[in-house]
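Accompanying notes for the structure given below.
As the structure is a prediction and not an experimental result, all values here were calculated from the model.
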Amino acid sequence: MSPAFPGRAPWGTAGKLRAWQQGAMDRYIQTQPRDYLAVATPGAGKTTFALTLASWLLHHHVVQQVTVVAPTEHLKKQWAEAAARIGIKLDPEYSAGPLARDYHGVAVTYAGVGVRPMLHRNRVEQRKTLVILDEIHHAGDSKSWGEACLEAFEPATRRLALTGTPFRSDTNPIPFVAYEEGQDGIRRSAADYTYGYGSALHDGVVRPVIFLSYSGNMRWRTKAGDEIAARLGEPMTKDAVSQAWRTALDPAGDWMPNVLSAADRRLTEVRKGIPDAGGLVIASDQDSARAYAKLLREVTGQKATVVLSDDSGASHRIDEFSEGDDRWMVAVRMVSEGVDVPRLAVGVYATTISTPLFFAQAVGRFVRSRRRGETASVFLPTIPDLLGFANEMEVERDHVLDKPKKEGADEDPYVESEKELAEANREQDEPDGEQDMLPFEALESDAVFDRVLYDGAEFGMQAHPGSDEEQDYLGIPGLLEPDQVQMLLQKRQARQIAHSRKRPAEEADLLELPAERRPVVSHKELMELRKELNTLVSAYVHQSGKPHGVIHTELRRVCGGPPSAEATPGQIRQRMAKVREWATRMK
């Protein structure tokens with residue numbers, strides 16, 4: 001069933017409104033609020049909804065002009081182009097003075113409003129104005145931006161706030177957003193209309209996302225001269241995770257070339273069903289972006305489009321890529337939000353930014369569906385936080401104020417510094433000292449296909465790059481219904497398990513367990529497991545009268561494995577189950 005209503009295009013706009021867009025319009029027209037917050041997943045069509053509403057308000061003389069506020073220069077121009085297609089003329093180059101008579105309004109950036117708030121206040125005071133605040137959470141990026149928006153647009157006749165990622169990692173209030181206090185005493189943002197990823201996926205408005213995770217052995221040298229080796233996905237300290245992650249992303253190692261090669265093979269498969277499908281590598285910095293582009297040229301034999309955020313021609317290159325059929329684009333951060341390249345279907349997350357907001361924005365670049373059945377594929381390193389975000393794709397969140405303060409910054413993955421958020425979303429790519437925070441020398445890395453994550457479930461067994469087992473997952477068709485994706489992944493895993501059982505034990509050089517039996521556990525989660533085991537053992541001490549050491553030794557003898565301090569999460573859980581079994585028998 002088409003997600004669009006069959007009726008004519010309302011109020012002279014091109015195309016038909018999707019069901020959620022019509023529903024949001026109906027609610028607005030019925031209530032006629034001054035402020036309206038619409039939360040819709042990336043790719044759902046927030047721009048079409050907002051411009052349809054703007055057309056209605058102009059047509060009914062509720063407002064006389066429109067001001068669109070966007071996060072970036074590129075998005076400002078994108079808004080003006082979209083508005084022009086339905087007869088609303090916005091000036092994306094406006095800086096000061098009176099507006100030409102043939103324009104219906106202006107498109108500006110949050111930064112521009114921050115520089116001259118009184119200029120915009122004077123404009124909205126002179127004529128009845130609709131202000132569209134695109135990705136409204138950016139108004140909370142800095143105190144000055146939020147204050148400038150309040151000062152500039154407080155007199156506006158109507159304000160429409162839009163966002164695809166309403167949650168923020170800090171507690172800065174967002175201007176013109178209503179907050180309601182829950183029973184727990186914590187205030188949360190209250191949207192007037194919400195259309196989440198889960199609903200959009202059900203309606204066929206967005207693509208299902210298949211996450212392909214790669215592990216591997218990393219080795220690096222710290223500033224102190226110590227050589228450290230670790231495997232991605234194994235429990236380790238926060239600093240060690242960061243260093244292992246950065247070692248994996250080093251273009252001189254083997255991890256990135258193998259993952260880029262796998263991503264390109266996946267793109268080839270997807271292009272069988274989506275001939276113009278493109279890929280995007282999101283890099284941390286300019287040097288890495290150029291190095292990844294060089295690797296892609298070696299893999300594909302074709303030049304990749306490189307987009308650097310401080311390059312004056314960046315917007316033009318994005319437009320060229322969007323309209324062409326080149327295979328790959330490599331970008332530094334700026335393509336993480338709002339930039340509309342609908343043919344992007346394969347992504348490589350090659351940055352160490354670990355906020356849920358940035359991750360959601362990055363994945364949002366691949367979910368826009370042009371026809372039913374298209375799938376998106378995103379390649380990730382096996383990092384616990386990233387896999388957690390991937391498994392929570394369908395979770396809807398609100399912006400929360402009054403978050404309870406926690407002693408450790410890593411107590412909650414959503415408690416991140418305002419500075420990290422600002423860095424993740426900034427346009428310019430000046431040297432930021434990030435590379436000096438955890439100085440190290442990447443020595444070597446390799447890649448291992450680890451698992452596939454889809455719809456909160458995990459599939460697959462570990463496999464070498466280039467193997468038939470890896471190709472089983474890279475070769476999943478690019479045109480599938482969401483339930484077909486799930487069924488196909490289950491079949492591929494079952495085939496992999498059956499094949500591994502026939503293989504002689506001496507040939508098994510990788511951990512041959514299905515993904516759901518190899519949970520990726522963070523260092524903090526491992527500490528919690530050990531603590532829980534010790535609590536169970538202490539309780540059993542009182543029940544049995546045996547000393548702690550005797551019980552731990554007996555657990556090792558029965559369950560196998562090393563001492564608790566060196567045991568894996570699976571081994572700890574096995575011992576916890578055994579203690580519970582012993583305690584039950586004694587009752």
- Chi angles and distances behind the side-chain contact (heavy atoms from CB on, under 4.5 Å) call for Leu150, Phe176: CA-CA 8 Å; Leu150 280 169; Phe176 312 123; 3.9 Å; yes
- Task: Go through the steps for Phe211 and Val363 under the test side-chain contact (heavy atoms from CB on, under 4.5 Å), then give the verdict.
- Result: CA-CA 10 Å; Phe211 293 96; Val363 174; 3.9 Å; yes
- In sequence, state the C-alpha distance, the side-chain angles, and the governing distance for Leu249 and Tyr292, and then conclude on side-chain contact (heavy atoms from CB on, under 4.5 Å). CA-CA 10 Å; Leu249 300 185; Tyr292 297 157; 3.5 Å; yes
- Message: Is there a side-chain contact (heavy atoms from CB on, under 4.5 Å) between Leu280 and Val341? Walk through the geometry before answering.
- Response: CA-CA 10 Å; Leu280 168 65; Val341 186; over 6 Å; no
- Show your working on salt bridge (Lys or Arg N to Asp or Glu O under 4.0 Å) between Lys272 and Glu269 and close with a plain yes or no. CA-CA 5 Å; Lys272 291 177 183 177; Glu269 183 62 42; 3.1 Å; yes
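Distance alone, capped at 3.5 Å, places no donor-acceptor pair between the Arg368 side chain and the Gly45 backbone. Side-chain N or O atoms of Lys128 include one that pairs as donor or acceptor with a backbone N or O of His61 at under 3.5 Å. Side chain of Ser284 to main chain of Thr352: a donor-acceptor pair is present (N/O by atom type, distance under 3.5 Å, no hydrogens or angles). A donor-acceptor contact shorter than 3.5 Å is absent between the side chain of Arg207 and the backbone of Ala376. Listed for the Tyr36 side chain is a donor-acceptor partner under 3.5 Å among the backbone atoms of Ala24. Between the side chain of Ser377 and the backbone N or O of Ile210 there is no donor-acceptor pair closer than 3.5 Å. Of the possible donor and acceptor atoms, one in the side chain of Arg266 sits under 3.5 Å from a partner among the backbone N and O of Leu474. Formation of a donor-acceptor pair under 3.5 Å by the His104 side chain with backbone atoms of Leu90 is not found in this model. Counting only distance, with no hydrogens or angles, the side chain of Thr129 and the backbone of Val131 share no donor-acceptor pair below 3.5 Å. Under a 3.5 Å cut-off, the side chain of Gln21 and the backbone N or O of Thr48 do not form any donor-acceptor pair.
A 6.0 Å sphere centred on NZ of Lys294 holds no more than 12 heavy atoms belonging to other residues, nucleotides or ligands. In this structure, Gln30 places its CD atom where only 12 or fewer heavy-atom neighbours from other residues, nucleotides or ligands lie under 6.0 Å away.
With sequence neighbours excluded, the residues satisfying side chain to side chain contact (heavy atoms under 4.5 Å, CB included) with Pro482 are Leu201, Pro208, Tyr454. Annotation: side-chain hydrogen bond (donor to acceptor under 3.5 Å, both in side chains) contacts of Thr41 (sequence neighbours excluded): none. Remark: Arg116 engages no residue in a side-chain hydrogen bond (donor to acceptor under 3.5 Å, both in side chains) (not counting sequence neighbours). For Ile274, the side chain to side chain contact (heavy atoms under 4.5 Å, CB included) partners are Val270, Asp276, Ala277, Arg370, Glu374, Leu479, not counting sequence neighbours. For Arg290, the side-chain hydrogen bond (donor to acceptor under 3.5 Å, both in side chains) partners are Gln286, not counting sequence neighbours.
A distance of 6.0 Å separates CG in Leu295 from CG in Leu260, rounded to the nearest 0.5 Å. Interatomic distance, Thr163 OG1 to Leu37 CG, rounded to the nearest 0.5 Å: 7.5 Å. Distance check, rounded to the nearest 0.5 Å: CG of Leu344 to CH2 of Trp328 gives 9.5 Å. Atoms CG and CG, from Asp385 and Leu380 in turn, are 12.0 Å apart once rounded to the nearest 0.5 Å. Rounded to the nearest 0.5 Å, atoms CD1 (Ile476) and CG (Leu212) are 7.0 Å apart. From Thr351, atom OG1 reaches atom OH of Tyr349 across 5.5 Å, with rounding to the nearest 0.5 Å.
For Arg127 and Thr157, the side-chain atoms include no donor-acceptor pair closer than 3.5 Å. Using a 3.5 Å distance cut-off with no hydrogens or angles, the side chains of Gln126 and Asn122 do not pair a donor with an acceptor. Under the 3.5 Å distance criterion, with hydrogens and angles disregarded, a donor-acceptor pair is assigned to the side chains of Trp79 and Asp134.
The shortest distance between side-chain heavy atoms of Thr52 and Trp56 does not fall below 4.5 Å. Using a 4.5 Å heavy-atom threshold, the side chains of Lys76 and Val68 count as separate. Residues Phe359 and Val378 fail the side-chain proximity criterion, which asks for heavy atoms closer than 4.5 Å. The side-chain heavy atoms of Val346 and Phe379, taken from C-beta on, include a pair separated by under 4.5 Å. No side-chain heavy atom of Asp192 sits less than 4.5 Å from a side-chain heavy atom of Pro33. Residues Arg372 and Glu481 have side chains in contact (heavy-atom distance under 4.5 Å, counting atoms from C-beta outward). Residues Thr67 and Arg123 are in side-chain contact: their nearest non-hydrogen atoms beyond the backbone lie under 4.5 Å apart. Residues Pro175 and Leu133 have side chains not in contact (no heavy-atom distance under 4.5 Å, counting atoms from C-beta outward).
Across every non-hydrogen atom of Glu93 and Asp91, the tightest pair is N-OD1, 2.9 Å. Across Ala54 and Val66, no two heavy atoms sit closer than the pair CB-CG2, 4.3 Å. Of all heavy-atom pairs between Pro381 and Leu387, the closest is O-CD1, 3.7 Å. Residues Arg34 and Pro155 come closest through the heavy atom pair NH2-C, 3.5 Å. Residues Ala44 and Val205 approach most closely at CA-CG1, 3.7 Å, considering heavy atoms. In plain terms, the two heavy atoms of Val39 and Ala191 that are nearest each other are CG2-CB, 3.7 Å.
The salt bridge (charged side-chain N to carboxylate O under 4.0 Å, His left out) contacts involving residues 313-323 comprise Asp311-Arg317, where partners must be two or more places apart or lie in separate chains.
Using a cut-off of 4.0 Å between Lys/Arg side-chain N and Asp/Glu carboxylate O, Arg327 and Asp264 are scored as salt-bridged.
Cation-pi contact between Arg158 and Tyr28: absent, since separation from the ring centre below 6.0 Å together with deviation from the ring axis within 45° is not met. For the pair Arg343 and Phe321, the cation-pi criterion (under 6.0 Å, within 45° of the ring axis) is fulfilled.
Note on ring orientation: taking the six-membered ring where Trp is involved, the planes of Tyr195 and Trp20 are parallel (angle under 30°, cut-offs 30° and 60°).
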